[in-house]
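See structure below.
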Amino acid sequence: MVWPWLSCLLLPAFTVSVAANVAPTFLSNMTSVTLPEDLPVGAEAFWLIAKDQDQDSLTYGISGTYAYFFTVFKTTGEVKLASPLDYETLDVFSVTISVNDGFNSVQREMQVIVEDRNDNAPVFQNTGFSTNISETLPVGSLVFSVLAEDKDSGSAGAVVYYIERVIPSTSDSQHLFKILLNGSIILNGSLSYNNKSAFYQLELKACDSGGWYQNNFINRCSSPFFLSISVIDQPDLDPQFVRESYSASVAEDAPQGTSVLKVEAVDRDKGINDRVIYSISNSTRPGWFDISPDGVITVSGSLDREQLLEENEEVQVQVTATEEHLNIYGQEAKVSIWVTLEVTDVNDHKPEFFNCSLPACTFTPQEAQVNFSGSVNEHASTRIPIDDLTMVVYDPDKGSNGTFLLSLRGTDAEAFSVSPERAAGSAEVQVLVKIPSLVDYETKTVMLVQVVATDSVSGNSSVALVTIHLRDINDHSPTFPHSLYNLSVPEHSPNGFVVTDSIHAFDPDTGEGGHITYSLLPGNGADIFEVDPDSGTVTVRDSELLDREKQAVYNITLQATDGGGLSSSTTLQIHLLDINDNTPVVIGSYNIFVPEETGSVSVTIQAHDDDQPGTNNSRLYFSLLPSPYSHNFSVDPDTGLLRNLGPLDREAIDPALGGQIVLTVRVSDCGIPVLSTEVNVTITVEDINDNVPVFTQSSYTFPVRERDPGVLVGVVKAWDADQTEANNRISFSLLGGSAYFMLRGYVLGSGWAEGRLWLPSDVSLDYETQPSFNLTVIAENPDPQGAEATAGIFVPVEDVNDEPPTLDVSSLRGIRVAENGSQHGLVAEVVARDVDTQAQLEVQLVNVICTKAGVDVGSRCYGWFSVLANGSVLISQSEAIDYEICDLVTLVVRAYDLTTDPRFQAYSDNGSLPITIEDVNDNAPYFLPENKTFVIIPEIVMPSQQVASIRARDNDSGNNGAILFSILQVNFITKDGTVIPFHGFFRISTSSEDNVFIGNIELVTSLDSTLQGTYQVTVQAQDRPSVGPAQEANFTLNLFTVDQSYRVRLQFSTSKEEVGANMEEIKAALAQATRTTLYPVDIKDIVSTARARGRSYLDGYLVFPNGSALTLDKLSVMIRSDQDALMQLLQLGLVVVGSQESQESDLPKLLSSVIIGLGVALLLVIVIMTMALVCTRKRYRRKLRATKAAKEARRTAAGVMPSVPAIPGTNMYTTEKANPMLNLSTKDLGFESQSSSSDLDRISLNSLDDNSVDLEKDKQEIKEPSHSPAGSDAEPLSAVLSGRKVGTEGQQQLSFTNTGLDTTDL
């Protein structure tokens, strides 16, 4: 190659010097940065800014543990968020920021402070979701405590708790609980397990107090939290028997342990259901019954119904049910009930014999006997009872069980009979002579019989032995001719009056046995009559007792007894003859109570005469004796029926009599002499409520002023003619106005009463509510059937101006007014009302509220409307009304009463009249500015591909603000200015986002790639109003075309896949260097076997924002002028920049260059030899300069970049000794003097173009010339450089070897 030799020729022209470079510095505020935690990933976080005195290009970086949070644009210093921040996880951390100017690297610690944002909702921390509470928990007690934590800070972390709802959702459960600020749930009402719910479920919510998030102040709430609350029943109620009464029956022979009845009581505390234990706490027959703990009543003793005859055969048992555990008061919870147990009869007794006489018998078991004795005369007549025998049979059983049969048995039973033969319960028993002939003293002196009492049901029997002693008598008794004699005697005949003297007995016996003595046997009438024992004459003994009315017939036994004691008898039937000796007798007393008016007297005087019925002596005659009120009554003379002749009136009776009428009825018989009896009949005429109370006036008028509470309105009076207080007592009641008035009644006496009408102390009348009252006062007696009287009360209310005015709500309904002078004049009427009669009203405007989309816009709408005193709402500034400024005007008005009493409110409540401003299509659409350039590359653009977009807005609302885009025309402007119209090449679609309408322009058909120029597309934006004409706006877009002459090709050392993956980095590097946009056309691998320097290539266009494209020449220059971009492209594999045609012809040109180079090389040999002579002459001067440079290099700090720029494109160094090569990081060139060297000018100078770039090695490689002998001395400058340390440890260094600066020859 000829280039190394050319470098040697140019080397003397360079002046080499080395100077130190100043390190960049960060700004003083680059120590900390504050970032919100809701900063989106990819958003700008902050900028790294440093200053460099040398004006070097700076490279920024971030390192450290938390460097992953950020992405740094190395060339600009812009830092974007790469990983989301979280204040709750990491609120402060540090990163190391660095800046490098190519020579020096500066690091600094930066603190990143994360600001909290409301990005967390409260979270409930409780693990338990249920709790139990006692039903007796006092109101205000703590039920449960919940805790919700919000990781945010400040108000965003302040938690507020809410009870969203309570289940079951009833009226008394909605406010049963309340929650405090600290999360404590408090009982707000009483609980009841039995009467209310036993379970509640609370839906809780926790919200923070609000905080900023994404530039909005928001509140966050937790997910619903459900708390289950179970109410625990407490033993606070006594048990209760399941039935109100218990009764049962049990047979008296029931054995011990027999179950009679089971009682059951339950614990009214349903949630506890404590075990109930039963006991007998009282009994009318202790020991007869017992009860088990489970409530079964059993027989515990011997039962005997017969002991309960005086107790209705029942046993009363008091059963007490006691809960097993004490109640909450420490007492036994118990309840008692009386149980009725009926003991039923069982045939468990047999009849027994007792020696007693009824009813004196006690029938105790000790008195029962089985041996009896008596006596009887021999040959006693049939049915003559045994004397001296007192026998009673008793069976205590009931009904048929107590019925028994009596019979006789034994050897002598045939001679006797028993009476009665059948009996029940108890009976006196007589043994009678049945066959007198068998009763013979001469045969037997003592006879024995057994009396058998047999139970008619069970057949059980008892036997009593009766010993009968016979008395000896004469064998012949006196006899009467007749067994019966009928006799008569007047009643009350005097003593001694002979009844009969002709009746005699005959006794065949003689002697003493035949001497007859007459006597009257004891019996009925024996004390009234007497007989002469010798003659047998019967006379009256006691005339006073001889009363027919007491006994009309006497059957007396006249006995004739001989001397031997034998006797016989006959019956004397004596009939008493009646005389009028009895006065009529009135039965009972007569006090009759009859209600007046409707009641009637109908009473029969009950009387009788004991004289002989059917005779005048016993016939009765009734008459009424005269009296003050007897003319009102009559009595039937025969029947004694007393009646009233007409209605009875209590008020017609003397009040002093108390309503009583006393009549005297005489009862007489018709005998001689006439006998009579008088009886008083007292008739009490009962007062009924037959008189209506009467008011003194039929109507009353009582005026009263409004607002005066507790005053007496007026007094009404009434009178009732009834005599009794019960019927003339008057009570007053009021119909109508009972909410405003009260009526108090006062009794004045004698049927008079008054009612006082009052206003309650806390009630006053309101004229505006009701100007008058029509009341009805009712006077009535307590009798619910009684009549009532009414009177009207008119209460006019005297008006006072006391009521505030009101606004008619219907007049405040919203109205709509169109903007921009569409309406004028009156738009609404605000109506004010006042119920007072003297009111003078005016309407006042209090405030005007202007809002736009719900946001207060201040006073922008003041003056648009005005309100007159009569309520008229007028448009004041019609032209000023603008929907876009304010869409809702709210007029706050009130009414004022000029004549209101100073004691009362004169103003009404404020009312709001909303006026909705209706939008008018008064705004045309307008296009939004676009900082974009639209380029069409016909080669790569395809149909249906979007080539441009445009945005527009319309300040109107609704359809008035909806925009539709259309393309009016398309013109193509060629480079020479020719205008060519096109049709159908483009179309536009409309979309919207956040009230911004977007028109996307798409290509319809393929374009002609040979045309060069600009497409001018005129777009029209037109709104779509519902009413009226549409408004529109036009805008012309320029679409620039780029032809194929601007197509460039970039070769890369990587594959096409890697180039495609790095496309964005490649575009960014090219944009940084050229300020253009890359439009790629194709990426392909290079498959040629020629000496290609790359593996793949990228074809594309680089277009400026104005639509012009970048040429290949300018591209190469601009890439080389931006070292950062060049380095990035080199790192991305860029190796060759050129056009497609030039690179395809590289190989032929290369061959031509080789041939030409060989020719030039020969010429250069001659030139070099000439220059060698010149170089020899200047070697000493070069030595001095190198020595000076080495000294300067030692005084310069390693890695310092001088601030003065180098001379571009040369190897010349400024006085600051900077290295200008590509603005890359370099090694210090520390020259050291090689005074011992004598090999001056040994190395030729090389061209700068032959410098090689090594991006991978940190060590400097020195290229030796091909003619340098092996083992030659080291190049002095390289030796100095190799002894210097790298300025920044661990940082990758870009090194190069410039053979043109070789100082070996020094």
Side-chain angles (χ1 to χ4, degrees), residues 194-195 233 235-327 331-351 362-365 394-404 424-426 455-458 460:
N194 298 297
N195 299 326
D233 196 9
D236 58 341
L237 299 174
D238 289 334
Q240 182 180 29
F241 283 96
V242 298
R243 290 168 55 184
E244 293 184 357
S245 63
Y246 289 91
S247 63
S249 61
V250 59
E252 62 176 331
D253 63 344
Q256 292 187 10
T258 301
S259 296
V260 180
L261 172 67
K262 182 175 183 180
V263 298
E264 183 179 1
V266 295
D267 186 358
R268 287 196 290 163
D269 299 305
K270 300 177 182 177
I272 296 177
N273 196 20
D274 196 4
R275 180 170 173 258
V276 177
I277 301 174
Y278 302 88
S279 63
I280 293 179
S281 55
N282 198 357
S283 175
T284 58
R285 291 290 175 174
W288 283 24
F289 297 97
D290 198 0
I291 189 169
S292 64
D294 60 352
V296 177
I297 299 176
T298 58
V299 177
S300 63
S302 177
L303 306 182
D304 189 358
R305 182 198 66 85
E306 287 69 30
Q307 298 183 30
L308 303 175
L309 297 180
E310 296 181 359
E311 301 171 24
N312 202 24
E313 303 177 10
E314 293 178 346
V315 177
Q316 299 294 327
V317 176
Q318 186 182 43
V319 176
T320 299
T322 307
E323 294 182 11
E324 185 175 10
H325 300 94
L326 299 180
N327 60 19
Q331 302 172 350
E332 288 186 341
K334 59 185 179 180
V335 65
S336 298
I337 191 171
W338 282 97
V339 179
T340 301
L341 301 178
E342 180 186 2
V343 180
T344 60
D345 184 40
V346 174
N347 196 359
D348 57 343
H349 290 81
K350 62 182 180 180
T362 57
F363 301 122
T364 61
Y394 173 65
D395 189 335
D397 290 324
K398 183 179 182 181
S400 61
N401 292 334
T403 301
F404 52 87
S426 62
D455 191 306
S456 64
V457 176
S458 66
N460 296 329

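Just so it is clear, the model here is predicted, and its values are computed rather than measured.
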Chi angles and distances behind the side-chain contact (heavy atoms from CB on, under 4.5 Å) call for Leu326, Glu332 = CA-CA 5 Å; Leu326 299 180; Glu332 288 186 341; 3.9 Å; yes
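- A distance of 7.5 Å separates NZ of Lys262 from OH of Tyr278, quoted to the nearest 0.5 Å.
- If you run side chain to side chain contact (heavy atoms under 4.5 Å, CB included) between Trp288 and each of Leu308, Val299, Val317, only Leu308 comes through.
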Run the numbers on Val250 and Val315 for side-chain contact (heavy atoms from CB on, under 4.5 Å), then give the verdict.
-> CA-CA 10 Å; Val250 59; Val315 177; over 6 Å; no
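- Nearest heavy-atom pair, Thr258 versus Pro255, reported as atom, atom and distance to 0.1 Å: OG1-O, 2.6 Å.
- Within the model, atoms CG of Leu341 and OG of Ser283 stand 8.0 Å from one another, a figure rounded to the nearest 0.5 Å.
- Listed here is the closest heavy atom pair of Asp267 and Glu323: OD1-OE2, 2.8 Å.
- Between Gln318 and Ile337 there is no side-chain heavy-atom pair separated by less than 4.5 Å.
- For the atom pair OG (Ser458) and CZ (Phe404), the distance works out to 12.5 Å, reported to the nearest 0.5 Å.
- Atoms OG and CD1, from Ser292 and Ile277 in turn, are 11.0 Å apart once rounded to the nearest 0.5 Å.
- Shown here for Asp397 and Glu252, the closest heavy-atom pair between the two residues is OD1-OE2, 4.3 Å.
- A distance of 11.0 Å separates CG of Asp253 from CG of Asp304, quoted to the nearest 0.5 Å.
- Between Thr340 and Gln316, the side chains place a donor N or O and an acceptor N or O closer than 3.5 Å (distance only, hydrogens not considered).
- A parallel orientation is assigned to the rings of Tyr394 and Phe363, their planes being inclined by less than 30° (bins at 30° and 60°).
- Formation of a donor-acceptor pair under 3.5 Å by the Ser279 side chain with backbone atoms of Ser281 is not found in this model.
- When atom types are taken as modelled, the side chain of Thr403 and the backbone of Ala424 share no donor-acceptor pair closer than 3.5 angstrom.
- Pairing each heavy atom of Ser249 with each of Thr344, the nearest pair is CB-CG2, 3.9 Å.
- Note: Asn401 CG to Asp395 CG = 8.0 Å, rounded to the nearest 0.5 Å.
- You'll find the side chain of Phe289 reaches within 4.5 Å of the side chain of Leu303, heavy atoms only.
- Closest approach of Asn460 and Lys350 over heavy atoms only: CB-CB, 3.8 Å.
- In this structure, Arg275 and Pro293 approach most closely via the heavy-atom pair NH2-CB, 3.9 Å.
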